[in-house]
There are 2 protein chains.
Amino acid sequence: MVTLSEENYLKTIYHLGKQGTIAVSTNAIADKIETKASSVTDMIKKLADKNLANYIKYQGVSLTNKGRLAAALVIRKHRLWEVFLVNNLNFSWDEVHEVAEELEHIKSLKLVDELDAFLEFPTHDPHGDPIPDKDGNYSPIKSINILEIEEGKEGVLSFVKDSSDVFLKYLNKNNLALGDSIKVLNVEPFDRSLSIETKSKKLIISREAAENLYLSL
Amino acid sequence: MVTLSEENYLKTIYHLGKQGTIAVSTNAIADKIETKASSVTDMIKKLADKNLANYIKYQGVSLTNKGRLAAALVIRKHRLWEVFLVNNLNFSWDEVHEVAEELEHIKSLKLVDELDAFLEFPTHDPHGDPIPDKDGNYSPIKSINILEIEEGKEGVLSFVKDSSDVFLKYLNKNNLALGDSIKVLNVEPFDRSLSIETKSKKLIISREAAENLYLSL
DNA sequence: ATATATTTTTAGATGTGTCTAAAAATATTT
DNA sequence: AAATATTTTTAGACACATCTAAAAATATAT
Ligand SMILES: [Mn+2]
Ligand SMILES: [Mn+2]
Ligand SMILES: [Mn+2]
Ligand SMILES: [Mn+2]
């Protein structure tokens with residue numbers, strides 16, 4: 001049996017481990033989970049005891065296959081619930097995360113699969129993140145960062161890297177939503193801000209904002 | 001903040017307190033929750049400290065208005081989720097309880113209200129139990145036990161008192177479902193078993209089974 | 001390479017919810 | 001009304017997940 005707390009650690013290690021292939025550090029986990037390093041050490045040991053993680057003292061952790069699958073299942077549930085909340089319960093994309101954090105821990109396997117079917121097997125959540133299948137696999141993101149697109153080209157907003165409240169609300173305010181067509185006009189050399197054009201209007205976004213927007217061509 | 005465990009105790013006290021108006025005993029709660037009497041005493045004190053229950057040593061507990069409302073909200077969530085599982089996720093009425101036991105603890109108020117709207121404001125769950133509104137109120141059950149219906153009369157199965165796995169599966173096996181028209185044929189004087197007739201066939205049910213079936217006329 | 005800083009682990013404590021065993025209160029018999 | 005049985009509470013323990021403070025290991029700077 002995997003506890004709620006263990007699931008949260010698995011998910012965090014999974015996410016932190018995505019980029020580099022190196023083991024995840026104790027402090028990195030502590031920061032993400034907003035807990036103390038000593039608590040992380042305790043939990044890591046528990047995960048290793050359950051064969052969910054590989055752990056060598058002072059060397060960080062990585063997930064075992066078993067742990068990676070468990071983590072992917074939690075992420076699958078999180079993202080499916082987010083889709084449900086947005087598509088069926090009138091939540092906006094900046095309201096779903098907190099609730100999904102609770103719903104992702106509901107155990108029933110039938111529930112996940114039936115929810116998946118009910119939602120008609122979505123491949124991405126409301127923030128453009130891919131939804132893992134039962135085996136933990138998903139097709140890799142093929143969208144590219146808006147800063148890497150040449151001036152004059154157009155694409156569809158299909159993923160936001162930062163899905164925090166503040167950023168999503170900033171996008172709402174500027175009428176930018178997933179699925180919108182966006183044309184890259186030009187980059188201001190001074191501060192590297194970006195002029196873009198949507199169906200409704202032209203606007204300028206900062207480099208920080210641009211770094212989180214991904215388009216598919 | 002009310003914890004998951006506290007919510008389960010509130011719900012149990014609410015259910016046990018329904019019938020008599022007397023306070024609920026420690027052992028009654030322990031039996032329902034499948035825990036020890038000493039654990040119940042501990043928790044009761046906590047509920048009293050939080051003004052959710054009235055407690056006098058050795059005299060049992062009852063809920064305060066605050067406690068009753070909190071309990072009703074948990075029951076509201078439980079039953080709404082059961083409706084969702086049956087109506088939208090292909091669960092049968094004997095599969096929903098366990099999952100609803102987990103879902104009922106999800107906190108978001110928006111979630112409950114949006115779910116309610118999505119389900120089109122159902123008044124009863126898949127077992128015929130009434131769904132409390134936001135204020136904890138619901139219209140009283142007007143269905144009557146099948147044993148109190150005179151021979152020859154007909155009614156619609158609208159509530160099952162026992163919603164345990166075994167009983168529901170027994171009903172499935174005998175093709176009895178909520179909403180079915182049932183005619184009371186006669187009571188066997190020997191063992192007080194009941195002959196009934198549905199659209200599809202006649203059958204005999206035991207007194208124990210009959211005690212759990214309620215019809216609306 | 002040594003000293004200093006940072007990261008990580010250990011040791012010991014705390015809060016929640018549970019348990020067992022024993023004591024206290026209440027209920028039931030005789 | 002005593003004696004006996006049952007229920008309820010208390011006392012003390014334990015698992016889990018967390019914390020603080022201190023020790024140990026590793027990384028960085030001089
Ligand atoms: Mn999320
Ligand atoms: Mn998401
Ligand atoms: Mn139920
Ligand atoms: Mn029910």
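Numbered from 1 within each chain, the chains take letters A, B, ... in sequence-line order. Since we're looking at a predicted model, the values are computed, not measured.
Partners of B:Lys32 by salt bridge (charged side-chain N to carboxylate O under 4.0 Å, His left out), not counting sequence neighbours: none found. For B:Arg76, the side-chain hydrogen bond (donor to acceptor under 3.5 Å, both in side chains) partners are B:Asp113, B:Asp116, not counting sequence neighbours. A:Tyr214 meets the side-chain hydrogen bond (donor to acceptor under 3.5 Å, both in side chains) test with no other residue; sequence neighbours excluded. With sequence neighbours left out, A:Asp42 forms a salt bridge (charged side-chain N to carboxylate O under 4.0 Å, His left out) with no residue at all. For B:Glu6, the salt bridge (charged side-chain N to carboxylate O under 4.0 Å, His left out) partners two or more places apart in sequence, or in a different chain, are B:Lys50. Annotation: side-chain hydrogen bond (donor to acceptor under 3.5 Å, both in side chains) contacts of B:His105 (sequence neighbours excluded): B:Glu7, B:Asn8.
For residues 62-82 of chain A, the pairs satisfying ring-ring contact (aromatic ring centres under 6.0 Å, His included) are A:His78-A:His97, A:Trp81-A:Phe84, A:Trp81-B:Trp81, with sequence neighbours left out. Every pair tested for salt bridge (Lys or Arg N to Asp or Glu O under 4.0 Å) that includes a residue from residues 59-71 of chain A fails, sequence neighbours excluded, so the list is empty.
Summarising the geometry, the separation between NZ on A:Lys36 and P on C:dT7 is reported as 14 Å, rounded to the nearest angstrom. Regarding A:Met1, its CE atom lies at a distance of 12 Å from the C1' atom of D:dC16, rounded to whole Å. D:dT6 atom P lies 12 Å from atom CG of B:Asn27, rounded to whole Å. The NZ atom of A:Lys50 sits 12 Å away from the C1' atom of D:dA17 (whole-angstrom rounding). Put simply, CD1 on A:Ile56 is 15 Å from C1' on D:dA25, counting in whole angstrom units.
With hydrogens and angles left out, the side-chain atoms of B:Trp93 and B:Asp125 include no donor and acceptor closer than 3.5 Å. Side-chain contact, A:Ser62 with A:Asn54: a donor N or O sits under 3.5 Å from an acceptor N or O.
At least one side-chain nitrogen or oxygen of B:Thr35 sits closer than 4.0 Å to the OP1 or OP2 atom of C:dC19. Taking 4.0 angstrom as the limit, B:Tyr55 places none of its side-chain polar atoms (N or O) nearer than this to OP1 or OP2 of D:dT8.
Judged by atom type and distance alone, B:Ser38 does not reach the base of C:dT18 through any side-chain donor-acceptor pair under 3.5 Å.
Judged by the 6.0 Å distance and 45° axis criteria, B:Lys110 is positioned over the aromatic ring of A:Phe91.
Within the 4.0 angstrom heavy-atom criterion, only backbone atoms of the sugar-phosphate kind lie near B:Thr26; the bases stay farther away.
Only B:Thr41, B:Lys45, listed by number, bring a heavy atom of residues 39-48 of chain B to less than 4.0 angstrom from any atom of DNA chain D. The stretch residues 2-14 of chain A has no heavy atom under 4.0 angstrom from DNA chain C at all.
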Any N/O pairs under 3.5 Å between the protein and nucleotides 26-28 of chain C? List them or say none.
none

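Atom CD1 of A:Ile29 sits about 11.5 Å away from atom OG of A:Ser39, to the nearest 0.5 Å.
Ion pairing between a basic and an acidic side chain is recognised when a charged N comes within 4.0 Å of a carboxylate O; B:Arg79 and B:Glu104 show no such pairing. For A:Arg192 and A:Glu211, the salt-bridge test fails: no basic side-chain N is under 4.0 Å from an acidic carboxylate O.
Relative to the axis of its first five pairs, the axis of the last five pairs of the helix from C:dA1-D:dT30 to C:dT30-D:dA1 sits at 0°, rounded to 10 degrees.
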